[in-house]
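First comes the structure, then the notes that go with it.
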Amino acid sequence: VASSRREQVGLAAPWLPAAGSLLAEARATPGPVLVTDERPGRVWAAIALDTAESTLSQGTSGVLVVEHDVSRELARGERDAGRAGGVFLVILAGASLGAGALFERLITRRATAVQSAAAAIAAGRLDARTGIDGADEIGGIGRAVDAMAASLEERRRENTASEERYRALFDAGNAIFVARPDGRYEEGNAAALALCGYTQEELRRMTLREMLAPQDAVLLDGRLEHLRRVGGTTVCRTLVARSGERIPVELAARVLPDGRMVGVARDLRPQREVERLREQ
């Protein structure tokens, strides 16, 4: 429950008449739900902000409660009613109905616009805006929702650009392997797949041990512990390709902050061939 009154923040809505039934009705009703209580002179509108199409984490929901103080209008009406007698009571009743209609026209319509924009943003349409302005509480909420959407939209553009830069670097140059903390491959770039001869799907079903030559595989556990302790190392290893060919590589391995491991492998076969010819 959201409130614009500072003294109500942190309370379990004791200030709201029949709070439980009102909130339940708001969640079950597509549009706003209105309730009035003449004794404290308050009019409330409750509107649910959750949506079935939400892409946010499960359980994210809320009810926006907008409160309007009509105590002064009611007090003035009671004073006038004392002077005007029973005739003015009829006028007061009409004024109350008019106030409700005015509240629904000025407040409820704008609250519905905020709800629609919030639902669209939650569904991933970050270009949605409320179009609400003004110096009152609804105007402030509308501006806050629009600013949040603009910030998220800009962050999405930055993330997309960052992903494109990462992918360009990932797919260029030497073979790059990424493994999860449990030692199972997560992905490899095009050069890595060409080096080992596996497809991306086949690689993801394999572990580090399965692609190493037996003499390197028996040392893997100790080497991984050392790698996690120091954060990075460069070693020479022998990979076993899908064809069974043994490929000597220089492997620069690093541990990422989230525990995943990245290995950059340089094929040593051309260098070994040059050395062999030099020896001959």
Side-chain angles (χ1 to χ4, degrees), residues 55-58 123-127 150-280:
T55 59
L56 301 179
S57 59
Q58 186 177 7
R125 299 191 297 275
L126 301 183
D127 58 342
S151 177
L152 291 174
E153 191 174 23
E154 178 62 23
R155 191 173 304 172
R156 172 185 283 178
R157 284 195 294 267
E158 293 174 355
N159 289 341
T160 300
S162 177
E163 173 68 19
E164 291 173 352
R165 290 193 298 270
Y166 160 77
R167 185 55 55 182
L169 291 173
F170 185 75
D171 289 334
N174 292 321
I176 301 177
F177 297 91
V178 181
R180 296 198 293 265
D182 61 1
R184 186 169 296 277
Y185 285 106
E186 185 173 284
E187 67 174 323
N189 66 357
L193 300 179
L195 178 67
C196 65
Y198 291 101
T199 65
Q200 194 75 264
E201 291 72 20
E202 291 171 334
L203 182 66
R204 287 170 178 160
R205 292 194 293 268
M206 300 179 64
T207 63
L208 298 174
R209 190 182 305 276
E210 292 172 320
M211 199 181 293
L212 288 174
Q215 69 271 17
D216 292 331
V218 296
L219 303 174
L220 181 62
D221 292 339
R223 296 298 183 185
L224 287 180
E225 289 299 325
H226 174 75
L227 175 62
R228 294 188 181 100
R229 187 167 57 253
V230 301
T233 185
T234 300
V235 294
C236 290
R237 291 290 181 264
T238 300
L239 302 182
V240 180
R242 194 176 192 277
S243 63
E245 180 183 3
R246 298 195 172 197
I247 305 172
V249 298
E250 181 183 63
L251 185 64
R254 297 291 182 273
V255 178
L256 299 178
D258 60 5
R260 292 183 301 162
M261 295 167 284
V262 176
V264 180
R266 182 170 67 91
D267 189 353
L268 295 179
R269 287 177 296 181
Q271 178 180 332
R272 297 285 174 85
E273 180 63 17
V274 170
E275 293 173 354
R276 186 184 67 82
L277 293 175
R278 183 181 296 114
E279 290 174 359
Q280 290 180 351

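Here, residue 1 is the first one in the sequence, and each next residue gets the next number.
Across all their heavy atoms, Ala265 and Leu195 have their closest contact at CB-CD2, 4.5 Å. Of all heavy-atom pairs between Leu268 and Val249, the closest is CD1-C, 3.6 Å. The heavy-atom pair separating Arg260 from Val178 by the smallest distance is NH1-CG1, 4.1 Å. Shortest non-hydrogen contact noted between Asp127 and Glu153 is CB-OE2, 3.7 Å. The minimum heavy-atom distance linking Gly124 with Arg156 is given by the pair O-NH2, 3.1 Å.
If you take CZ on Arg180 and CG on Leu208, they are separated by 10.5 Å, rounding to the nearest 0.5 Å. Between atom OG1 of residue Thr233 and atom CZ of residue Arg254 there is a gap of 7.5 Å, rounded to the nearest 0.5 Å. Within the model, atoms SG of Cys196 and CG of Leu203 stand 5.5 Å from one another, a figure rounded to the nearest 0.5 Å.
Judged as a ring pair (Phe, Tyr, Trp, His ring centres under 6.0 Å), the pairs with a partner in residues 181-201 (not counting sequence neighbours) are, in order, Phe177-Tyr185. Among residues at least two apart or in separate chains, salt bridge (charged side-chain N to carboxylate O under 4.0 Å, His left out) pairs with a member in residues 204-219 are Arg209-Asp221.
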- Item | Worked verdict on Arg278 versus Glu275 for salt bridge (charged side-chain N to carboxylate O under 4.0 Å, His left out) | CA-CA 5 Å; Arg278 183 181 296 114; Glu275 293 173 354; 5.5 Å; no
- Task: Tell me, with the steps shown, if Glu273 and Arg276 meet salt bridge (charged side-chain N to carboxylate O under 4.0 Å, His left out).
- Result: CA-CA 5 Å; Glu273 180 63 17; Arg276 186 184 67 82; 2.5 Å; yes
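Using a 4.5 Å cut-off on side-chain heavy atoms (C-beta onward), Arg223 and Val235 make no contact. Inter-residue side-chain proximity for Ile247 and Thr238 is flagged as unmet; no heavy-atom pair is nearer than 4.5 Å. Residues Glu250 and Thr234 have side chains in contact (heavy-atom distance under 4.5 Å, counting atoms from C-beta outward). Under the 4.5 Å side-chain criterion, counting only non-hydrogen atoms from C-beta, Arg237 is in contact with Leu212. Within the 4.5 Å cutoff, the side chain of Arg269 has heavy atoms near those of the Glu245 side chain. Using a 4.5 Å heavy-atom threshold, the side chains of Cys236 and Leu251 count as separate. Between Arg228 and Glu225, some side-chain heavy-atom pair lies under the 4.5 Å cut-off. In this structure the side chain of Met261 never reaches within 4.5 angstrom of the side chain of Leu256, judged on heavy atoms.
Looking at Asn174, its side chain never comes within 3.5 Å of a backbone N or O of Asp267 through a donor-acceptor pair. Side-chain atoms of Glu202 come within 3.5 Å of backbone N or O of Thr199 as a donor-acceptor pair.
Heavy-atom contacts from other residues, nucleotides or ligands closer than 6.0 Å to CZ of Arg242 number 12 or fewer.
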